[in-house]
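Here is the structure we will look at.
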Amino acid sequence: MIESYQQELPPWLAFFTFSDINVRLILAGCMLLGVSAGVLGCFAFLRKRALLGDALAHAALPGVCMAFLLSGTKNPVVILLGATVSCWIGAISIDLITKYTRVKEESALGMVLSVFFGAGILLLTYIQRTGNAAQAGLDKFLFGQASSMLDRDVWTLAIVGTLMILVVVLAYKEFKIVSFHADYATALGLPTRAIELTLSTLLVLAVAIGLQAVGVVLMAAMLVTPAAAARYWTDRLGKMLAIAGFFGALSGAIGTYISYLGPRMPTGPWMVVAVTSVFFGSLVFAPKRGILARLTLLRRIRRQTAEENVLRTLYVSGEKEHRMDAPCSTAELMQFRSMTAWTLDRTLERLMARGLVRETSQGFFALTAEGVERGARLTRIHRLWELYLTRKLEIAPDHVHDDAEEIEHIITPELEARLLATLDYPEEDPHARRIPPAAGGGVIAT
Amino acid sequence: MSPAEKPAPIEVHDLTVAYRHRPVLWDIDVTLPEGNLIAICGPNGAGKSTLIKAIMGLVPLASGKVEIFGKPAKQGRSLIAYVPQRESVDWDFPTTALDVVLMGRYGHLPLFGRPRKRDREIARQSLEKVGMLEFANRQISQLSGGQQQRVFLARALAQQTRVYLMDEPFAGVDASTEKAIVVLLRELREQGCTVAVVHHDLQSVPEYFDTVMLLNLRMVAFGPVESTFTTENLNKTYGGRLNLLTEVGEKLRKSEWSARQ
Amino acid sequence: MNHGLWIMLVGSLAAAACAMVGCFLVLRKQAMMGDAISHSVLPGIVLAFLISGSRSPLPMLIGAGSLGLLTAFLTGALERHGRLQPDASIGVTFTWLFAVGVIMVSAFAGQVDLDTDCVLYGEIAASPWDIWLIGDTSLGPRAVWILGAITVLNLAFIGLGYKQLKLTSFDPGLAAAVGINVQLWHYLLMGFVSLTTVGAFESVGAILVVAMLIVPPNTAYLLTDRLSRMIMLSVVFGVLSAIGGYWLAAQLDGSIAGAIAVVSGAFFVAAMLFSPTHGVIAGYISSRNTYTTFPEEPEAQPRA
C-alpha cells in the first residue's frame, strides 16, 4: 500500500530506515492506537465485559456518518466527536435495556451492535448515493485504512491517546477497585458510578480513535486480545496494563510492516492477526499460566511422585527386613508400584544421580543414608495422615491408604508439624506400624 | 423396580470430590436404605449439595463410585428424580408451570417423541399433588418462591421414580409451602420411596425425617434420627473445624493432583 | 414476479430461518455466539470459493459450516484448557478468524467474487438477478431456493429436537440427569446457526445476520411467556422487519440489509416500551405485583 522509493534497499529492509514520512506516520498511528486500546481493553476484560468493545465499535458507525452528513468534512475531530456520541448512545442503550427489561446483557450487546451497525450502513449507502464527492473514503471506517491517515489524524490520535493514558495513571487505584469489586468501592464511599462512567468514556474514545486504522469491525480485537494475552504473563494489574499496551503497539508495528511489504495487504486485519498470534504464543509459552508451563509442572509432579513412591517402597521393604539398606529387585518394586519398567528405570536413574539410591548388584537397588532419611519422612507423613483420617474423620482404617498415598507428596514441613501436634505425637499408625520419628529425635517445634 | 432381591437405591463407595473452588468431599461411604426420609445436614460449605450433584453425575468424581439399584450410576441415573436448588435455572425462561413439570417426562420419551396425552395427565396430577394445578398456565417468573419450589417438586413427581434427591427444597419458602412439602414427603415414604433432602433447619429434623446424614467434608454420622441426631454428633459436625483437612484440600487442588488415576 | 417481491421473499426467508435458531441462542444467553459465528464463517466461504471456483452452495455450506463449528470448539477449548473467561474467548476467536477472512479476500481479490463491503452488508438487492438455471429453465432466484431449504431444515431441527433444545436451554442439570447429551445439542445448535448464517450471509452480510438472529427473538421474548409462541412471534417480526426494511430502503435509496436491521430494532424498542406484560410503560403504570426470583423472598415482590 505504501510506495517504496528507497530504490537501493529491498523493501523488507527499507522499512527500517523509517525515511519514508508516510511509513513513520502510519507506524506511529498504529502503535499509538495499539497502546491505548490495549490498556483500556484490560479494564473491560477484567470487568468481564470483553465484548462491550465489540458492540461499541460497531455502534460508532452511524455517528461517523451523521458527523459527516452534518459537517460535510472528514476532519478527524468532528468524526471523533460523532463516533463518541454514537458509542455513548449505544452504551446507554445497553444499560437501559438490561435495566428495564428482562432481556439479558448478552442479547442487549448483540442487538445494539447489529442495529446500530445497520443504521450506519443505511446512512453510509444513503451518503454514497446522494453523490457527495467528498464521501470518498468514508467506507474506510468499516475495515480501516491506515494508509489513508494524514498528519492531523495521527496528531489527534497522539493527543487523545496520551490523555487517556494519563487518566489511567491518575485514576489507577479507582479503576482498579471498581474493576475488581464495584459494590465494595461504593461501600468505601467512592463515586463508583462516576468512575464507571469515566472508564466507559475512555473505552469509547479508544474505539473512536482506532476506527480509521482498523475499522469498526476489527476494533474489538484490539481491545480484547492484548488484554487476554497479557493476562497469561502476570498476576499484577499494573504489569498487565503495561504488557497489554506493549502487545498492542507491537502488533501495530507488525501490521504496518506487513502492509508495507505486500501491495494488497490491509493493515488493520494484519494487526489483528499479529495480536492474535501474540495471544496464542502467550497461551502456549507464558511462564506459570501458559499451557506448556502447566504441562511441565504436571510432568514434574508426576516424576516427583514416582521418585517418592520408589523411595517409600524401598524404605518399607527395608523396614520388613529390619535392615534399611536391604536391596530390592526391580521386579519387587514393580509389584508394589504400578509403573511401567521404562518409568521405573528412568526414576531409578534420577534417584541414583541424586545419591538417594544405589545399585547393589545388577537389577538390585538399595537406599543410601540420605535416601533412608527421605524414605522415613514420606513414610512418616503417610502414616500420620492415615492416623489423622481414622482418628479425626473416623474413616475406617482400610479406606485411608489411597488418600495418604496422595497426601504424602504434598505435605509441607509446616503442615507436618501441625499434623504431629494435632495427633499428639503418636508412635503407631492405625495398622499398628511404627511411625518413623522425624530427624533429630522427632523433635519438631510447633 | 426389581421386587425379588432388592439392591439399595443408592450406594456410594469411597466417594471423593475435589472441586475447583471449594474444598472437597472426602471418602464418603454410605448406603441409602429404601423407604426412608433422609435429612442431609451440615454447616455451609460442608459439601451437601456437592454430594447430591456427585450422585447425579453433575460434578466429576476424583475417586469412588456410585451405584443406583445395583447398577452403575450412568445407567441408573434416570431412576432418580432430582430437585435442584431453585436458583439453578433462569426463571425468566418463556415457559409455563405445566411445561416445566412436563419436562420431568422427557426422560421417558423416545428421542424425537413428543409428550403424549398420558404425559400431560401425569404432569397435571403432579401439579395437583403440590396444590399448584390452578397455576398450571402461569409463566414461571410470575410465581412466588414457594410456588416455584412446588413446581420443581411436581416435576420430580412427574418423573415417577422411587428415589428423590432434593437440594434445599425448604430454602426461602412460605409456611404453607413448607407444610405442603412435608405432607408430600410423608406420602412418598408411605409409597416406599426413598427421599434424601438437603436441609438447613436443624429444629425440624426430628419432626420431618426418620434418618439423618451429618456431613462436614466427610461423613460424621448416618443413621436413624433417634440414635444419630445427638448433641455429640452435632457438635462434631458443626463444632471442631477441620482446618488441616481444608488446607490439605487446597494444596491438593493447587498441585493439580485433584484427579486421582 | 416483480423483483421487489423477490427481494422481500429472500429477506423474509433469511429472517425466518435466523429467528428460529436465534430464539435458542437468546435463551441460552449465547447471543454473542451468533455474532462470533457470523463473522468467523468468512474464511470458510473464501476457501470454498477458492477450491470450487464458483458460488455453488454446497462447498460454501461445508466451508462455512466447518468454520462455524471450529469457532464453537475453539471458544470452548480456550475456556477449558486456556482458562480464559467466556466473553474473551469469543472475542479473541472470532476477530481473528474474521481478520484472516478479510486478508484472504484482499489477497485473492482476483479469484474471489466477493468484496469486503458485500461481506458486511450483503447484496440482497442483486439476488433477483442471480437466477438458478437448469438447462434453459429458470427456477427463480437461487437465494430463494437456498434460504428456503435452510428454513425447512431449521424447522425440522427445531420440530424434532424441540424437547431436547428446550430442556438443555432451561435446565442443563436435569437434561444431563435424564440422559440428554448437553454438549451434543450445543454443538448441533451451533452447527445449525452456522448453516443459517452462511445462507443469509450472501444476502445480508455478516453483521446484519446478527440482527436477524437476535433482535426478533428478543422482541418476542418481551411479548410472550411461551417458548413455542416466542418462536412463532420472532419469525413474524423477522418477516415484518424484512418487508419494512425493503420499504425504508426504497425511501432512502440505501442498503436494504441495513434498513432491515433498523426496522427490527424499531420493533424491539416498541416492544420494550409497549409490551403489555414486560414493557417499560406497563411496568411503570401497573401496580400489579409480579414476582422476582430472590430465594429469600417468599412473598410478592414488585418488579423494578
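All values below were derived from every heavy atom in this structure, side-chain atoms included, with hydrogens, water molecules and symmetry-related copies excluded. All chains are named by letter (A, B, ...) in the order of the sequence lines, taking the proteins before the strands, and each is independently numbered beginning at 1.
Of the two parts of A:I97, the backbone and the side chain both hold a non-hydrogen atom closer than 4.5 Å to a non-hydrogen atom of chain C. For a residue to count as touching a neighbouring chain, one of its non-hydrogen atoms must lie under 4.5 Å from one of that chain's; by this rule A:R231 does not touch chain C. C:L248 touches chain A through its side chain: at least one heavy atom from C-beta onward sits under 4.5 Å away, while N, CA, C and O do not. The part of C:L208 that comes within reach of chain A is its side chain, from C-beta onward, which places non-hydrogen atoms under 4.5 angstrom from that chain. For A:K104, the part lying near chain C is the side chain, with the backbone staying farther off; criterion is any non-hydrogen pair under 4.5 Å. At a 4.5 Å heavy-atom cutoff, C:A257 makes no contact with chain A through either its backbone or its side chain. The parts of C:D253 that come within reach of chain A are both its backbone and its side chain, each placing non-hydrogen atoms under 4.5 angstrom from that chain. Residue contact with chain C, scored on non-hydrogen atoms closer than 4.5 Å, involves the side chain of A:F279 exclusively.
Heavy-atom pairs under 4.5 Å with chain A peak, among C:I103, C:V280, C:T93, C:V215, at C:I103. Among the candidates C:I214, C:N218, C:L252, the residue making the largest number of heavy-atom pairs closer than 4.5 Å to chain A is C:N218. Among C:G91, C:G279, C:A107, the residue making the largest number of heavy-atom pairs under 4.5 Å with chain A is C:A107. Taking chain C as the reference chain and counting heavy-atom pairs below 4.5 Å, the highest number among A:S107, A:G110, A:S93 is found for A:S107. Annotation: maximal heavy-atom pairing with chain C below 4.5 Å, among A:L52, A:T125, A:V112, occurs at A:T125.
Formation of a donor-acceptor pair under 3.5 Å by the A:R102 side chain with backbone atoms of C:Y221 is found in this model. Looking at A:R294, its side chain does come within 3.5 Å of a backbone N or O of C:H81 through a donor-acceptor pair. Side-chain N or O atoms of A:Y232 include one that pairs as donor or acceptor with a backbone N or O of C:G82 at under 3.5 Å.
For A:L122 against C:S255, the heavy-atom pair with the smallest separation is CD1-O, 3.3 Å. Nearest heavy-atom pair, C:M32 versus A:E106, reported as atom, atom and distance to 0.1 Å: N-OE1, 2.9 Å. The two residues C:T95 and A:L218 make their nearest non-hydrogen contact at O-CD2, 3.7 Å. The minimum heavy-atom distance between C:V92 and A:A228, with the atom names listed, is CG2-CB, 4.1 Å. Looking at every heavy atom in both residues, A:G118 comes nearest to C:A261 through CA-CB, 3.9 Å.
Distance CG/A:L113 to CG/C:D35: 5.0 Å, rounded to 0.5 Å. Atom OG1 of residue C:T219 and atom CE of residue A:M111 lie 7.0 Å apart, to the nearest 0.5 angstrom.
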C:H278 and A:T101: CA distance, side-chain angles, deciding distance, side-chain contact (heavy atoms from CB on, under 4.5 Å) verdict:
CA-CA 7 Å; C:H278 302 284; A:T101 71; over 6 Å; no
Show your working on side-chain contact (heavy atoms from CB on, under 4.5 Å) between A:Y100 and C:L273 and close with a plain yes or no. CA-CA 10 Å; A:Y100 289 108; C:L273 293 175; over 6 Å; no
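Using a 4.5 Å cut-off on side-chain heavy atoms (C-beta onward), C:V262 and A:F116 make no contact. At a threshold of 4.5 Å between non-hydrogen side-chain atoms, the residues A:W270 and C:V100 do not count as touching. The side-chain heavy atoms of A:V103 and C:F268, taken from C-beta on, include a pair separated by under 4.5 Å. A heavy-atom distance below 4.5 Å is found between the side chains of C:F94 and A:D54. Within the 4.5 Å cutoff, the side chain of A:L283 has heavy atoms near those of the C:L78 side chain.
Taking the six-membered ring where the residue is Trp, the centroids of C:W96 and A:F280 are separated by under 6.0 Å.
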